[in-house]
Amino acid sequence: MEQKEIFQTYESEVRSYCRSFPAIFTKAKGSIITDADGKEYIDFFCGAGAVNYGHNNDYIKERLVSYLQNDGILHALDMMTDSKADFIQYFEESVLKPRGLDYKIMFTGPTGTNGVEAALKLARKVKHRENIWCLMGCFHGMTLASLALTSDRESRQGAGVPLTNVTHIPAPYMFEGLDTIKYMETLINDDHSGIELPAALIIETVQAEGGIHVFSKEWLQSVRAFCDKYHILLIVDDIQVGCARTGTFFSFERANIIPDIVILSKSIGGYGLPFSLTLFKPELDIWKPGEHNGTFRGNQLAIVAAKAGLEYMLMHQIEKEVIRKETIIHDYLTHNITGENINIRGIGCIFGVDVGSGDRASAITKTCFENGLIIERAGRDNSVIKLMPALTIPDELLIKGMDIIKNSINN
């Protein structure tokens, strides 16, 4: 049986990305992925944001190999280990304290959605309220509580049960002239709104799966002030756009705000390894021991990779590099990809080319793949071509990838 037949015959129909990228991949290095036939592809997908520092980053790999060769403990649940102590100390001293942030660190199950679930449970526990507010256009995960937040209709239909205790607020870009802050205040103050005061408001500062919508500094500051006024916890989901993707390690830094709870996953794993953290202000730490747990929380190998990834980021000034690359991406897209019903949106190293139609975007990304570029779609009707290269991608590969997009649109 040929390899492709194995997947078609035995793997569940739930598989998705392999349908968009129908090749059997064998190797990956930096920003190049190679298939079984030796064809190379430029990677603008970045493991859905999990490999910000490129595939098989040499610096991180050396740390992992050394840890394995020395029989470092791999499975420890939430027991104390050298690797965890090293990570916590480095994260506190090199990431949190220089930014004036004081957070407790919670090692949740190793997926982003588990980190979100923990944040929601904690917010409800602290505030003694059931309702959570989120934005239309958001994506926060596929397990039930996270899925109740996620607004994508197709994703929600997979739940099989009612998705409750969530109120979706129109995102600020959705309706011209709508003041979303005033809208939320009205929901609270109008005794006929029918909406319960939430325990928390959860946001992405950049809606990625929602179509690359960047929320302004002013709006983010207004949201922080709103949450303070009404004693609502502000949760920032930084799973996809954190870890320097927007030009600062945390995506909310540009607005000079401090969320009450922050969720990190994907690239915090350093090497594409499963890892998730939920950070929260110390006064919120009212968990009872084991109240949120999991057999694979605190993935030891990912902890080693995470510390190495943070070291690499700081040594190579990746935040500044992202800001430099933002100019390259923005200038290229705005000067070379124009036309009717095309809109360019983005920040740092995450940009979207909205071509106005899901069918059109599908045809373009298919042509991109045929021409050696792996790139996905996002947004309403999946009409947005989503550029999310590794933060370490060489300029020449970055431009070559965008050339493929331009030629595929004009094809």
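- The aromatic ring centres of His75 and Phe296 sit less than 6.0 Å apart.
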Which atom pairs, donor and acceptor, lie under 3.5 Å between side-chain atoms of residues 213-221 and protein residues at least two apart or in another chain?
unit_1: Ser216; atom_1: OG; unit_2: Trp219; atom_2: N; d: 3.0
unit_1: Trp219; atom_1: NE1; unit_2: Thr180; atom_2: OG1; d: 2.7
unit_1: Gln221; atom_1: NE2; unit_2: Ala255; atom_2: O; d: 3.0

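- For Arg99, the salt bridge (Lys or Arg N to Asp or Glu O under 4.0 Å) partners at least two apart in sequence or on another chain are Glu253, Glu319.
- A salt bridge between Lys121 and Glu117 is absent, with no side-chain N of the basic residue lying under 4.0 Å from a carboxylate O of the acidic one.
- Here Tyr103 and Phe280 keep their ring centres 6.0 angstrom or further from each other.
- A donor atom on one side chain and an acceptor atom on the other are not found under 3.5 Å apart for Tyr67 and Arg63.
- Among residues two or more places apart in sequence or in another chain, the side chain to side chain donor-acceptor pair (under 3.5 Å) test is passed with Asp331 by none.
- Listed by chain and residue number, nothing satisfies the ring-ring contact (aromatic ring centres under 6.0 Å, His included) test with Phe351 (two or more places apart in sequence, or in another chain).
- Under the side chain to side chain donor-acceptor pair (under 3.5 Å) criterion, Ser408 pairs with no residue, sequence neighbours left out.
- For Phe21 and Tyr41, the distance between ring centers is not under 6.0 angstrom.
- Evaluation of the salt bridge (Lys or Arg N to Asp or Glu O under 4.0 Å) test over residues 104-114, restricted to residues two or more places apart or in two chains, returns Lys104-Asp285.
- Sorted by first and then second residue, the salt bridge (Lys or Arg N to Asp or Glu O under 4.0 Å) pairs involving residues 350-376 (not counting sequence neighbours) are Arg345-Asp354, Glu376-Lys386.
- Tyr183 is linked by a ring-ring contact (aromatic ring centres under 6.0 Å, His included) to nothing, counting only residues two or more places apart in sequence or in another chain.
- Remark: Ser20 engages no residue in a side chain to side chain donor-acceptor pair (under 3.5 Å) (not counting sequence neighbours).
- The salt bridge (Lys or Arg N to Asp or Glu O under 4.0 Å) contacts involving residues 35-54 comprise nothing, where partners must be two or more places apart or lie in separate chains.
- Evaluation of the side chain to side chain donor-acceptor pair (under 3.5 Å) rule for Asn131 yields Thr167 as partners, not counting sequence neighbours.
- Between the side chains of Glu311 and Tyr90, no donor-acceptor pair of N or O atoms lies under 3.5 Å.
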Would Glu154 and Arg156 count as a salt bridge (Lys or Arg N to Asp or Glu O under 4.0 Å) if you check the C-alpha gap in whole Å, the side-chain angles of each, and the deciding distance to 0.1 Å? CA-CA 5 Å; Glu154 187 173 337; Arg156 294 174 65 85; over 6 Å; no
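- Contact record, Phe275 with Leu277: CZ-CD2, 3.7 Å, taken as the closest heavy-atom pair.
- Residue pairs meeting the salt bridge (Lys or Arg N to Asp or Glu O under 4.0 Å) criterion with at least one partner in residues 221-241, sequence neighbours excluded, are Glu185-Lys229, Arg224-Asp228, Arg224-Asp260.
- Remark: Glu396 does not engage Lys400 in a salt bridge, criterion side-chain N to carboxylate O under 4.0 Å.
- Aromatic ring centres of Phe45 and Tyr17: separated by under 6.0 Å.
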